[in-house]
Amino acid sequence: MLNIFIRRLLLAIPVLLAVASLTFFLIKLAPGGPFDADKAVSPQVLKNLNEAYNLDASEWEQYVDYMSGILRGDFGPSFRFPGRSVSEMIATGLPVTFELAFYAILIALLIGVSSGVLAALKRNTYLDFIPMAIAMIGICVPTFLMGPLLVLIFGINLEVLPVSGWGQLPGDKILPSITLGFAYAAYIARLSRGGMLEVLNQDFIRTARAKGLTERNVVIKHAMQGGLIPVVSFLGPAIAGLLAGSFVVETIFQIPGLGRFYVEAAFNRDYTMILGTTIFFSAMIVFFNLLSDLAAMWLNPRSRDIS
Amino acid sequence: MSNSSTLWSDAIYRLTRNKAAMFGAFILLILIACAALAPWIAPYSYSFQDLELGASPPSAAHILGTDVLGRDLLSRILYGARISLLVGFVATGVALVIGVSWGIIAGYAGGKVDSIMMRIVDVLYGLPFIIFIILLMVIFGRNLWLLFGAIGAVEWLTMARIVRGQVMGLKNQEFVMAAKAMGVSNFSMFRKHLLPNILGPIAVYATLTIPQVMLLEGFLSFLGLGIQPPMSSWGTLIKDGVESMEEYSWLLIYPGITFTITLFALNFFGDGLRDALDPKTTDN
């Protein structure tokens with residue numbers, strides 16, 4: 001276990017280094033300098049700006065400078081918001097995005113696992129068909145449609161929940177969390193139904209039933225541990241999807257999180273901000289994938305033995 | 001051709017008996033026909049503006065209403081179908097070409113080549129590709145062909161894994177060894193012996209990739225980083241709809257319904273195809 005963890009962690013380092021370098025040089029390919037404004041800037045000002053941001057150094061020097069900065073947790077200054085550093089913006093946006101993602105995944109797990117397990121137990125009854133039909137809707141209705149529809153219904157027509165914001169009005173966290181969590185609830189429901197069906201047919205479940213365990217104990221103690229491995233393996237990649245979802249949800253609900261900062265940076269061509277957040281997101285996703293793989297391995301006794 | 005039941009005739013038989021899949025195929029055919037015939041069947045041009053009319057709810061003259069600039073929504077949905085479906089099919093095609101070649105080469109070569117190629121796939125799997133697409137769109141401008149390429153370049157990974165697995169299984173069968181012994185070149189080995197035998201899984205996965213790609217396009221267009229005006233896809237129509245949904249909710253609802261139905265149809269058809277070609281997986 002520990003061995004695999006260390007090996008995977010060591011592999012992650014060159015990967016992240018490659019991502020960071022690739023992104024750095026891609027950004028350099030981008031047309032236009034960071035200070036190309038609508039108004040012409042005098043050459044002297046431009047020279048000073050370039051000097052201040054170290055843009056007159058050779059690309060190689062800039063690269064080395066930037067990379068050593070990252071190791072110290074310094075992603076450089078933002079090109080669009082003078083006086084603010086990229087690290088600062090990540091630090092303000094990240095907790096918000098994390099909170100949103102946390103509620104979303106909580107909702108997804110609660111709804112997804114319970115309906116998936118129930119559907120597997122009551123196979124081919126309405127308790128199976130109806131949740132699975134809803135899950136299909138969850139998979140086919142994209143987040144960028146689900147969010148506005150929820151706003152239209154609950155925010156504008158019924159006027160029961162706030163239409164935007166984060167932590168300013170009571171209940172304004174509900175709609176964004178549901179919007180982001182719904183698609184994952186759907187996937188998780190399908191995965192846990194499939195996983196449970198597979199496990200429920202196996203001999204050890206029959207044995208558990210034969211020795212007189214209550215159905216509750218059979219399901220919770222024996223079946224779910226194996227049946228939910230697909231769900232656990234899905235959680236790592238889901239983090240990447242949640243991140244993309246947060247771009248949309250934070251834009252729709254005007255939430256000041258990292259996702260919205262990223263989209264704004266993309267529009268404003270705030271290259272340092274894009275660069276910093278890209279590297280940061282990649283590191284985060286590589287880390288979460290690692291965690292979910294390890295958790296899945298730990299849950300599966302067979303792969304536990306191999307290590 | 002013999003009359004015995006081949007894999008394909010068997011699969012088609014199973015597919016035609018699957019109501020959900022047939023329904024999906026029916027919807028898809030209608031959509032493709034509508035997209036192809038848009039210039040002839042659309043009641044108005046997609047750019048025709050009736051500024052005096054402005055946004056109007058569905059009526060006899062404009063079945064699905066008009067947008068803020070007085071453009072007929074039905075016509076815009078029909079023209080949007082062209083772009084959305086085009087992105088769906090072309091980007092899937094790109095993913096198909098990369099993924100299938102990668103998978104065949106890795107699976108057939110085996111050994112070191114295989115482990116290096118698949119390790120690359122593993123590594124790429126773990127990266128936040130959506131961010132790289134956004135990055136590319138920002139750096140190189142929001143160009144339709146770049147969009148195809150970028151989305152295709154992201155979606156090939158699973159295809160490569162599936163194809164590699166299939167080829168690994170085929171590689172040790174007698175007919176492949178016989179072909180090898182007869183000195184068949186690598187290229188004709190891929191084309192004549194391997195590819196025809198893995199078309200089933202490829203077809204299934206390609207059908208299921210199309211909705212993924214369309215979602216991705218919609219996502220980018222929604223953020224304003226995908227299709228740019230005056231072109232419009234369903235994603236941009238939904239984006240426009242969201243901006244004015246408080247007063248003119250039909251502008252969000254109709255494009256939204258169209259998009260969702262299309263994704264449903266593609267998923268139903270893809271699931272049906274999978275069940276038809278691989279009866280073992282029907283239970284899931």
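Per chain, numbering begins at 1; letters A, B, ... match sequence-line order.
- B:Ser84 places no side-chain N or O within 3.5 Å of a backbone atom of B:Ala81 that could act as its donor or acceptor partner.
- Looking at A:Leu26, the atoms closer than 4.5 Å to chain B (heavy atoms on both sides) sit in the backbone and in the side chain alike.
- Chain B forms the most heavy-atom pairs under 4.5 Å with one residue out of A:Asn289, A:Val248, A:Asn157, A:Thr277, and that residue is A:Val248.
- Using a cut-off of 4.0 Å between Lys/Arg side-chain N and Asp/Glu carboxylate O, B:Asp114 and B:Arg164 are scored as salt-bridged.
- Residue B:Asp122: no heavy atom, backbone or side chain, is found under 4.5 Å from chain A.
- Within the 4.5 Å cutoff, no side-chain heavy atoms of B:Met214 are placed close to those of B:Phe219.
- Of the two parts of B:Phe264, the backbone and the side chain both hold a non-hydrogen atom closer than 4.5 Å to a non-hydrogen atom of chain A.
- Chain B forms the most heavy-atom pairs under 4.5 Å with one residue out of A:Ile137, A:Leu16, A:Leu22, and that residue is A:Ile137.
- A:Tyr184 and A:Tyr187 have tilted rings, their planes meeting at an angle from 30° to 60° on a 0 to 90° scale.
- Side-chain contact, B:Glu155 with B:Thr92: no donor N or O sits under 3.5 Å from an acceptor N or O.
- Residue contact with chain A, scored on non-hydrogen atoms closer than 4.5 Å, involves the side chain of B:Ile130 exclusively.
- Classified by interplanar angle (parallel below 30°, tilted 30° to 60°, perpendicular above 60°), the ring pair B:Phe259/A:Phe144 is tilted.
- Neither the backbone nor the side chain of B:Leu266 comes within contact range of chain A, judged by heavy atoms closer than 4.5 Å.
- Using a 4.5 Å cut-off between heavy atoms, B:Ile238 contacts chain A through its side chain alone, with no backbone atom that close.
- Neither the backbone nor the side chain of B:Glu243 comes within less than 4.5 Å of any heavy atom of chain A.
- Side chains of A:Asp128 and A:Arg193 form a contact here, defined as non-hydrogen atoms less than 4.5 Å apart.
- For A:Val263, the part lying near chain B is the side chain, with the backbone staying farther off; criterion is any non-hydrogen pair under 4.5 Å.
- Contact annotation for A:Thr278: both backbone and side-chain heavy atoms come within less than 4.5 Å of a heavy atom of chain B.
- Between chain B and the options A:Leu152, A:Leu243, A:Ile274, the largest number of non-hydrogen pairs under 4.5 Å is found for A:Leu152.
- Heavy atoms of A:Leu11 lying under 4.5 Å from chain B belong exclusively to its side chain.
- Relative ring orientation between A:Phe247 and A:Phe281 is described as tilted, the plane-to-plane angle lying within the 30° to 60° band.
- Between B:Cys34 and B:Leu78, the shortest heavy-atom distance links the atoms CB-CD2, 3.7 Å.
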